[in-house]
Amino acid sequence: MNFKLFFVFAFLLFTMVLNAQVSSTIDSTSIKIGEQITYHIQVETDTTKLVVFPEGQTFSPLEMIESYDIDTLKKKDKYSLIKKYGLTQFDSGLYTIPRQKIILGDKTFFTDSLKVEVRNVVVDTTQGLYDVKPIIGVEKQGNDWWKYVLITLLVIGALSFLLYWFIWRKKPLTDDEKIALLPPYDRAKLALKKLDDSSYLENQNLKSYYSDLTFIIRKYLDEKVYDRALESTTDELISRLNLLKESNQVTLSHEDIKNLESILKRADLVKFAKSAPDIELAKIDRNTIDLEIDHVKEALPEPTEEEKLLDEKYREEQERKKKRKKVWLTVGISIFLLFATLTGFSIKYGFSYVKDTIIGHDSKELLEGDWVRSDYGFPPISITTPKVLKRTTPELPEEMAQQIELTQFSYGSLIDKFQIQVATTKIKNLGENKIDLEQALDGTLKLFENAGAQNIITKNEKFETPNGAEGIKIYGTMDSPVLGTDKLEKGRYVILGFTAESVIQQVMLFYKEQDKYAEQIVSRILNSVELKPAE
């Protein structure tokens, strides 16, 4: 007997503790019209349980002004979660806030209903009356799209600046680049001046001195007389100069060629036989080379107009090559950056999401668009949808039209691969008969068959809205026709059915089976469905 009493006491205590996990309060039970009250929902639990405050909380007949963030307080080994809502009402009277559905772990709880009195505002009739103010248009507040545009423009601007600075900008020429742009004669003269400024002769470094001296004259001859002067031996180069003289291609004298031969052979002895001529002789050789450069320039014929034109075309072709190189480099870097950006976003958000964002996806645009909450039919079905449902008037047989009164609102169609439909059917002259909801929903499935759907697979379960209305949920898959072809495409459907007295209320959703965005849309819609009492 004591054991039974203990068991009963423990059970009651457990029930009290369980019920105490969820509670609701309001900061005032009496308000004026339009005044706000704060509705609190408090849940106490440990960290292992998931607490869900369902989306689309309804407080009808009161209106929700604002939903505040959840506050979390720690109490020893438990947490207290507090969710607040701002409520109001613009008609006077005594109202009841309905029970609210809370999911705690794998259990469902409902808060207590609370009563609120809304009082009239006493009007001061001693003051004068004024005309009603005109309607003032209010611009819709935008979202943060401009921030993303600004960031995108800044990134593009930064990349463009970097490409310009490192690729397209005309960089200041270095000393070597400036020298390279000089004509061969001027470069040879400048090289002789640099040789004079060197310390080769002071340090008795005749090998380096003669190497630079002969390179200067060979380089000049290579560019203006014989294009293999740098790689030829002394004998080969002198033989070539004699041939050019005999063929009247250059008007060098025998003395000029003999002077060049003498200096080049002396340089060969210095470089390869370790000969050491006198310093003064080296200076004389330098002056002789300087003079011979002038003689070579005078001996060369003036370039013809055709040669000048070829030189100009050559320079233009070089400029075009440089420009093409810059263009290809810019395109390559841009493609690489674009590919790297797309790869990064694909790793973070998934390739399909990035592809659908760039190319576009109908369901994704619906999911991320501005959703609308509205009431449809009578008694009203309150539902949140990505688009406003439009009233449709289906054609009913005359015999059926005498038995029922159908109100229907739709978006999309079965062929569009996404459809939302809300219907309220009022049965006339029902009498004492009862409505068979499952049979009514089976009739909806037959409409799918009439539209060409095949292989319809059906499952059903009980369904409860956030405000406690109970109904039936039928869902499954079907093969729907593809417009303009004989093919069928796999799709999914969900039908919610509710009944009250002589009224059947239905919510029907159809979407593609592989459309992940449509699945999120359907989930959001189902969590928002609420039934409101007829007023």
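Computed over heavy atoms, backbone and side chain alike; hydrogens, waters and symmetry mates excluded. Computed from a prediction, not measured in an experiment: that's the story for all the values here.
- Between K462 and E470, the closest side-chain pair of non-hydrogen atoms is not below 4.5 Å.
- Surrounding NZ of K325 are at most 12 heavy atoms belonging to other residues, nucleotides or ligands under 6.0 Å away.
- Aromatic ring pairs are classed by plane angle as parallel below 30°, tilted from 30° to 60° and perpendicular above 60°; the pair W165 and F161 is parallel.
- The closest side-chain heavy-atom distance from K84 to D71 is below 4.5 Å.
- The closest side-chain heavy-atom distance from I525 to W371 is below 4.5 Å.
- One distance of note links CG of L159 with OG1 of T341; it measures 8.0 Å at 0.5 Å rounding.
- Residues L531 and N467 approach most closely at O-ND2, 2.7 Å, considering heavy atoms.
- Under the 3.5 Å distance criterion, the side-chain polar atoms of T96 are left unmatched by any main-chain donor or acceptor of P98.
- By the 4.5 Å heavy-atom criterion applied to side chains, T424 and F498 are not counted as neighbours.
- Around atom CZ of F110, more than 12 heavy atoms belonging to other residues, nucleotides or ligands sit under 6.0 Å away.
- With hydrogens and angles ignored, the 3.5 Å screen pairs a side-chain donor or acceptor of T88 with a backbone N or O of E35.
- Side chain to side chain, S30 and R119 meet the donor-acceptor criterion of an N or O pair below 3.5 Å.
- Taken from OH in Y517 to CG in L367, the straight-line distance is 8.5 Å, to the nearest 0.5 Å.
- Counting all heavy atoms, side chain and backbone alike, F418 lies closest to Y511 at CD1-CB, 3.7 Å.
- The closest side-chain donor-acceptor pair between K83 and S67 falls under 3.5 angstrom.
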Exercise. Would I26 and Y85 satisfy side-chain contact (heavy atoms from CB on, under 4.5 Å), going step by step from the backbone distance to the final call?
Worked result: CA-CA 10 Å; I26 51 177; Y85 301 88; over 6 Å; no

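- Smallest separation of non-hydrogen atoms from I457 and Y493: O-OH, 3.0 Å.
- In this structure, W328 CH2 and I335 CD1 are separated by 8.0 Å, a value rounded to the nearest 0.5 Å.
- Proximity of a side-chain donor or acceptor of T343 to a complementary backbone N or O of F339 within less than 3.5 Å is detected.
- Atom NZ of K101 sits about 7.5 Å away from atom OG1 of T465, to the nearest 0.5 Å.
- Of the possible polar contacts, none joining the E368 side chain to the L366 backbone as a donor-acceptor pair under 3.5 Å is found.
- For the pair L162 and I333, the minimum side-chain heavy-atom distance is 4.5 Å or more.
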Problem set entry | Test side-chain contact (heavy atoms from CB on, under 4.5 Å) applied to E530 and R373, step by step | CA-CA 11 Å; E530 294 178 353; R373 185 167 188 85; 3.3 Å; yes

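- Taken to the nearest 0.5 Å, the CZ atom of F109 stands 13.5 Å off from the CD1 atom of I41.
- When every heavy atom of L389 is checked against every heavy atom of Y411, the shortest pair comes out as CD2-CB, 3.6 Å.
- Checked by atom type and distance alone, the side chain of N455 never pairs as donor or acceptor with a backbone atom of D479 at under 3.5 Å.
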For this session: Would you please test T407 and F378 for side-chain contact (heavy atoms from CB on, under 4.5 Å) and show each step?
Result: CA-CA 8 Å; T407 305; F378 187 84; over 6 Å; no

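- At a cut-off of 3.5 Å, with distance as the only test, a side-chain donor of W168 or T330 sits close to an acceptor on the other residue.
- Residues M64 and L87 approach most closely at CA-CD2, 3.8 Å, considering heavy atoms.
- Annotation: cation-pi geometry satisfied between K473 and Y475 (NZ/CZ under 6.0 angstrom from ring centroid, within 45° of ring axis).
- A distance of 11.0 Å separates CG in N460 from CD1 in I495, rounded to the nearest 0.5 Å.
- Scanning all heavy atoms of the two residues, the minimum distance from P380 to D375 falls at CB-CB, 3.8 Å.
- Residues V116 and Q89 form no side-chain contact, since every pair of their non-hydrogen atoms from C-beta on lies 4.5 Å or further apart.
- At a threshold of 4.5 Å between non-hydrogen side-chain atoms, the residues Y68 and I82 do not count as touching.
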For this session: Could you give me the CA-CA distance, side-chain angles and deciding distance for Y39 and T111, then say whether side-chain contact (heavy atoms from CB on, under 4.5 Å) is met?
Result: CA-CA 11 Å; Y39 181 85; T111 63; 3.2 Å; yes

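- Under the side chain to side chain contact (heavy atoms under 4.5 Å, CB included) test applied with R324, the options K322, K326, R320 reduce to a single match, R320.
- Counting only N and O atoms by type, the side chains of S410 and Q419 include no donor and acceptor under 3.5 Å apart.
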